[in-house]
Amino acid sequence: MNFRGNSEDHKFVEKFLGILSSKYFDGFSDGQSSEVLTKYSSEISSGISEERSPRKIPRKTSLGRRLIPRKCSSEIPEDSDGSHISATPPRDPFPSPPPKQVPPVSRKAPSSSSSSRSKPKAHTHPQAPDHSEEAPVPSSYPPPPSLFTDLPFRICEPSNRSQPAGSSSSVSSFYRLPRANTSESESQSSSVNHVLPELPHVPVVRRKPPNLITDSITSQPVKAPVVFRSGGEGNFVKLNLNGKRGKKFPSKYKSASKSRSKFAYRGKRYKKSEANGEEEEGETWLDEESDLQRDNGFISSVEEAVLAVKAEASDENLTKLLSLVYGYESFRDGQLQAIKMVLSGSSTMLVLPTGAGKSLCYQIPAMILPGITLVVSPLVSLMIDQLKHLPSVIKGGLLSSSQRPEEATETLRKLKEGIIKVLFVSPERLLNVEFLSMFRMSLSVSLVVVDEAHCVSEWSHNFRPSYMRLKASMLYSALTADCILAMTATATTMTLQAVMSALEIPSTNLIQKSQLRENFELSVSLSGANRLKDLLILMESQPYKKIRSIIVYCKFQYETDMISKYLRDNNITAKGYHSGLPAKDRVRIQESFCSNKIRVVVATVAFGMGLDKGDVGAVIHFSVPGSLEEYVQEIGRAGRDGRLSYCHLFYDEDTYLKLRSLSHSDGVDEYAVGKFLTHVFSSDTKQHEKICSIVIESASHKFDMKEEVMQTILTHLELGEVQYLRMLPQVNVCCTLNFHKSSPNILAARNIIVAAILKKSHVKQGLYVFDIPTVASSTGVAATDVLAEIQTLKMKGEVTYETKDPAFCYTILESPKDTSSLSSHLTKWLAEVESCKVRKLDIMSSAAMAAINVSNTSETSSGAKQTLSLQSRILDYFNGDENCDVPSKTTQNCSFLRADIKVFLQSNRQAKFTPRAIARIMHGVGSPAFPNSIWSKTHFWGRYMSVDFRAIMEAAQTELMNFVDRNAALAS
Ligand SMILES: Nc1ncnc2c1ncn2[C@@H]1O[C@H](COP(=O)(O)OP(=O)(O)OP(=O)(O)O)[C@@H](O)[C@H]1O
C-alpha cells in the first residue's frame with residue numbers, strides 16, 4: 001500500500017502511533033531461547049546462513065506423502081538426534097593404546113540401542129568419518145582407546161577443601177582437578193601418567209571406586225557392576241521392581257504380561273576371554289543360557305536392593321543400589337537429598353550444576369516407585385540421549401511429535417503393557433488430549449520430571465511456550481501424578497520463583513547447590529577483526545595445545561564452516577556443527593567427536609545439550625553468549641570428569657551489538673497484537689467446538705509477527721487467567737484430493753467425511769480442494785481425524801492427496817470482552833520479556849568486560865583474577881537480583897539519524913512502515929513483512945546498530961508523522 005498522505009493513511013499512522021506509548025517500545029517476545037536468537041541471527045546481514053530451526057510442519061507434502069506434523073514448534077529439532085556415544089573419558093590428550101587386560105567396567109549399566117556392547121564397539125569399529133572434509137588425525141595421535149580400558153581411576157581432592165555444607169558421608173562433589181600437562185616435554189616423556197602432573201598442592205587420594213573419575217592406571221579397579229546388556233532402544237531387560245517376581249509395574253492393563261520375555265536379551269555379544277577376562281574385539285555368540293543366568297543373577301541382586309530401599313530408604317540402602325546399578329561408590333552433593341525427597345512424595349525443585357548428575361535423581365526413584373516416571377524434555381535429541389543413558393534395568397520409552405505414527409503406537413503398546421517404566425515425552429505430546437485420557441484411564445504416574453525446568457519461565461534464557469502449559473494443577477489432576485521433580489542447572493532467583501510457582505513446589509522443597517562447578521579456569525580477552533587469528537594463537541598455546549577435546553561455540557552457521565575450515569587448514573582436526581546440517585551428518589560429527597576422531601567441534605548453540613563427554617577439556621567462545629545462563633550451560637560441557645578445564649571467551653563489540661539488535665527481532669507493538677487478536681476471535685463462536693485455524697505463513701506476514709510470537713500469544717490465551725481458547729495440534733490445513741478408484745459420490749454415500757469434503761470443497765481441474773478444519777468442524781471430528789481418514793483411503797488406493805499451509809488450530813471457548821485491554825496487557829508482558837532478554841545480554845557483556853578490566857589492573861595471575869571475577873559475577877547473578885541496572889553500550893542518539901530516516905522514507909514511499917519496522921531496518925534485523933532478503937539491500941540496513949533501538953523508534957515515530965503531514969499538505 002502506498003502512502004499518499006491521504007486521510008486514511010494519516011489515520012493509520014495516528015492510530016498506530018497513538019498506541020505506541022514509549023513504554024511499549026521494547027515490545028518483544030522471543031520466547032525461544034538463545035537457539036531462536038541464533039536462528040534469526042543471519043537476518044543481521046544478507047547472505048549469512050542463520051541458525052534457524054527447520055519448519056515444524058512441512059509447508060507442503062507431496063501427494064499423500066505425509067500426514068502428521070513431524071515437529072511441534074517447541075521441539076527444537078536442530079540438535080543432533082542424540083545418538084552419540086557417551087564415552088568414558090580418555091585419560092590423557094594423546095594416550096597410548098590401552099592395555100588389554102582390564103575387563104570392562106560400566107560406570108553406568110550401558111543401555112545403548114545396539115546393546116551394551118556397542119560402547120566398546122563404537123571405538124573399535126567406529127563409523128566412518130567424513131574423510132573428504134575432515135583433516136586426517138595427526139599421526140602422533142595413537143588410536144583411541146577402547147572404553148574403560150584405562151580403568152581403574154584416580155580421585156584427587158584438594159587437601160584444603162572441606163566437605164560441602166550439608167553433605168553426608170556418602171556425598172561427594174566436584175573438585176577441581178588438574179587437567180593437562182602444560183609442558184610439552186613432560187607430555188612426550190610419559191605415555192600415560194603425564195596427563196596429571198603431580199602438583200605440589202594437590203594431594204592425590206585414591207579410592208575404590210571413585211565418584212570423580214580421572215585417570216591412573218596405578219589405582220585399584222572399581223568393583224565392577226555386572227555389565228548388563230541392553231537392547232532395543234537401550235533397555236532390553238526388565239527388572240521386577242515391584243518386588244514380586246514375574247509381575248510387571250502396576251498397570252491398569254492387567255492382561256499384558258505375556259510379552260515380557262521378549263525383552264530378555266537377544267543379540268550379539270562380545271566374548272570374554274576366559275584367560276584374562278578381556279573383551280575380544282571380534283564379535284561372537286555366547287551361550288545364551290549362561291548369559292541369561294548371569295543376567296538373572298544381576299536382576300535378583302538389583303531386585304533385592306530395590307526391596308531393601310522400599311523397606312527403608314536409608315543412605316546405606318540407596319548407596320548400595322547406586323553401586324550395584326551404576327558402579328558409583330557414593331552420591332554426589334544434592335543427589336541423595338533429592339532422591340529421598342522424591343521417594344517421600346514431596347515435589348522438589350532441584351538446582352545442580354551442569355554435569356552434576358541430575359538424571360540419577362529420577363532414575364533411582366523410578367526403580368523404587370510403583371508407577372510410571374514421566375520425564376518432560378524440551379528437545380527430542382535430549383530425550384533420545386537420556387533414553388540411551390538409562391541403566392539397562394530401567395526400561396524406557398519415548399514419545400514425541402516427531403515420531404512416526406507406528407513408533408508412537410509401539411511405545412503406547414509397551415506403556416499399556418507395563419513394560420515401560422520411564423517415559424520421555426515432549427510437552428506437546430504430554431498435553432495431547434488423547435495422551436492425557438490414556439493416563440487417566442489406565443496408567444498410574446508416580447513421578448513427573450520436568451527437565452530443563454527453567455523453560456517454564458518466560459524470565460529464563462530459554463523460555464518455551466509449550467512449557468508454559470506444564471502447570472501443576474494440570475500435571476496433578478490430568479495425570480493424577482503423585483509428585484513433581486523439576487530440574488535445572490541454570491536458573492536465576494526470578495526464574496526459580498516462576499517455575500516453583502507454576503509447578504506449585506513449596507519453597508522449602510528447593511535443593512539448590514552452587515550453579516557453577518569449580519573446575520573451570522575462566523578467561524576473557526578483547527578481540528576484533530583478528531578473532532580467527534586470535535583463536536589459532538590460543539589453540540596453539542598452552543594449555544589448549546595439549547587438550548584433546550575442545551568445543552568452539554560461535555553464533556552463526558556460516559561461522560562454524562569458516563572457523564572449522566581455518567582450523568583444518570592449520571592442521572587441527574575440526575568440524576562445523578549447526579542445525580542446518582542433515583541429521584545424519586550431525587550424528588556422525590558428534591560420534592566422531594565423542595570417539596576422539598575429531599579434536600575440535602565448532603558449533604552453534606545447537607550442539608551440546610545433553611552432551612556428556614567427560615573429557616572435553618576446553619570450551620572456547622568465539623562470540624559472546626546471549627546470557628550468563630547460556631555461558632554456564634555451554635562451559636558446562638567441559639570438565640565433566642571433574643578435572644580442571646579451560647574456558648576462554650573472545651569478546652568483540654560487533655557481535656555484542658549484533659546480538660543486541662537481534663534481541664529486538666521478535667518485538668511486537670500493541671497495534672499488531674490488537675489486529676492479531678481480532679483475527680483470532682473473528683470466527684463465529686456460536687458454532688460449538690468449531691475448529692478455527694490461522695495459516696502461519698500468511699498471518700506472520702500480515703501481522704509482521706514471528707511464528708513463535710504468535711504461538712506465545714495463543715498459548716497465553718489458553719493458559720492465562722481466562723481460558724479464551726483451547727489449542728489443537730497444528731496441521732496443514734489446505735488439502736487437494738484426487739479420487740482414483742470409486743466415484744466420489746459412491747464413497748460419500750458410505751463415508752461421512754468424504755461427504756463433507758464434497759460439500760465443502762471446490763473442484764479445480766478435477767481435484768477437490770478444501771480446508772481441513774472446515775470439514776472437521778462440519779463433521780464434528782478433530783482435524784487430525786480427517787487427515788487419518790484420508791490416509792486410510794489412500795492406503796486403500798481410493799485417493800491421493802496433498803496438503804499445504806501449516807496452521808495453528810484452536811477452538812474458541814470465550815471471546816474477550818475488551819480486546820484492546822487484552823492486547824495492551826499482552827503487549828506489556830511481551831515487552832517485559834524482550835527487555836529481560838536484552839538485559840541478560842548486557843549482564844553477560846558487562847561480566848566479560850569486568851573480567852577483562854580486572855586482568856588489566858595487575859600483571860600477576862590475571863587468569864586466576866579473571867576466573868574469580870567471572871565466578872563471582874555468575875554466582876551473584878544466579879543468587880541475586882537480575883533486574884539490577886547494567887550499563888548498555890548503545891548510544892541514545894546520532895546526529896544523522898533523523899535525516900537518514902527522512903531520506904529512507906522518501907526513497908521507500910511504496911512501503912507502509914511502522915516505527916518498529918524502521919528501527920529494525922536501521923538495526924539490520926529482518927522481520928516477516930520486511931525480510932532481510934529484500935531490505936538488506938538498502939543503504940541504511942544495520943547502519944545504526946550502536947544506537948539504542950528505542951531511540952530509533954522514537955525518531956522514526958516523529959519522522960513518520962512529519963512524512964504523512966507533508967504528503968497530506970502536498971495532496972491538498
Ligand atoms: N554419584 C555419581 N558418581 C559419579 N558419577 C556420577 C554420579 N552421578 C552421576 N554421575 C555421572 O555424571 C555424569 C553427568 O550426569 P548427568 O548427565 O545426569 O548430569 P546433569 O546434571 O544432567 O548435567 P547437564 O545439566 O549438563 O545435562 C554422567 O556421566 C553420570 O553417569
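Just so you know, ligand 1 is whichever comes first in the structure, and atom 1 is the first atom listed for that ligand.
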ask   = Is there a donor-acceptor pair under 3.5 Å between the side chain of E634 and the backbone N or O of Y553?
value = no

remark   = Closest to atom 25 (O) of ligand 1 (heavy atoms only, candidates K358, Q335, Q633) is K358

query = Looking at L360, which atoms of ligand 1 are within less than 4.0 Å of one of its heavy atoms?
reply = 8 (N), 9 (C)

ask   = Between G355 and ligand 1, does any nitrogen or oxygen pair lie at a separation below 3.5 Å?
value = yes

inquiry  = Going by side-chain contact (heavy atoms from CB on, under 4.5 Å), V601 matches just one of T560, I550, I589. Which one?
reply    = I589

task = Please list, chain by chain and in numerical order, all residues satisfying ring-ring contact (aromatic ring centres under 6.0 Å, His included) with F424, sequence neighbours excluded.
result = none

key: Step-by-step salt bridge (charged side-chain N to carboxylate O under 4.0 Å, His left out) determination, D315 to K340   = CA-CA 9 Å; D315 291 13; K340 283 179 161 182; 2.3 Å; yes

request  = Under 4.0 Å, heavy atoms only, figure out whether ligand 1 is touched by the backbone of Y328, its side chain, both or neither.
outcome  = side chain

task = Please indicate whether any nitrogen or oxygen in A356 is less than 3.5 Å from any nitrogen or oxygen in ligand 1.
result = yes

task = Say whether L352 and ligand 1 are in contact under the criterion: heavy-atom distance to a ligand atom below 4.0 Å.
result = no

message = Considering G614, S330, S323 one by one, which has a heavy atom nearer to atom 1 (N) of ligand 1 than any of the others?
response = S330

task = Number the atoms of ligand 1 from 1 as they appear, then name those within less than 4.0 Å of a heavy atom of R640, with their elements.
result = 14 (C), 17 (O), 19 (O), 23 (O), 24 (P), 26 (O), 27 (O)

query = Is the shortest heavy-atom distance from the side chain of T492 to the side chain of Y877 under 4.5 Å?
reply = yes

Which residues share a ring-ring contact (aromatic ring centres under 6.0 Å, His included) with F878, sequence neighbours left out = none

ask   = If we only count N/O pairs under 3.5 Å, is G357 in contact with ligand 1?
value = yes

query = Ignoring hydrogens and geometry, is there a side-chain-to-backbone donor-acceptor pair from R599 to I547 under 3.5 Å?
reply = yes

query = Is there at least one pair of N or O atoms, one from S359 and one from ligand 1, spaced under 3.5 Å apart?
reply = yes

key: Intermediate values then yes/no, salt bridge (charged side-chain N to carboxylate O under 4.0 Å, His left out), E304 and K320   = CA-CA 10 Å; E304 271 164 31; K320 205 168 158 197; over 6 Å; no

request  = Can you sort out which atoms of ligand 1 are near P353, meaning under 4.0 Å from one of its heavy atoms?
outcome  = 21 (O)

remark   = ligand 1 to R637, heavy atom cutoff 4.0 Å, flagged ligand atoms 26 (O)

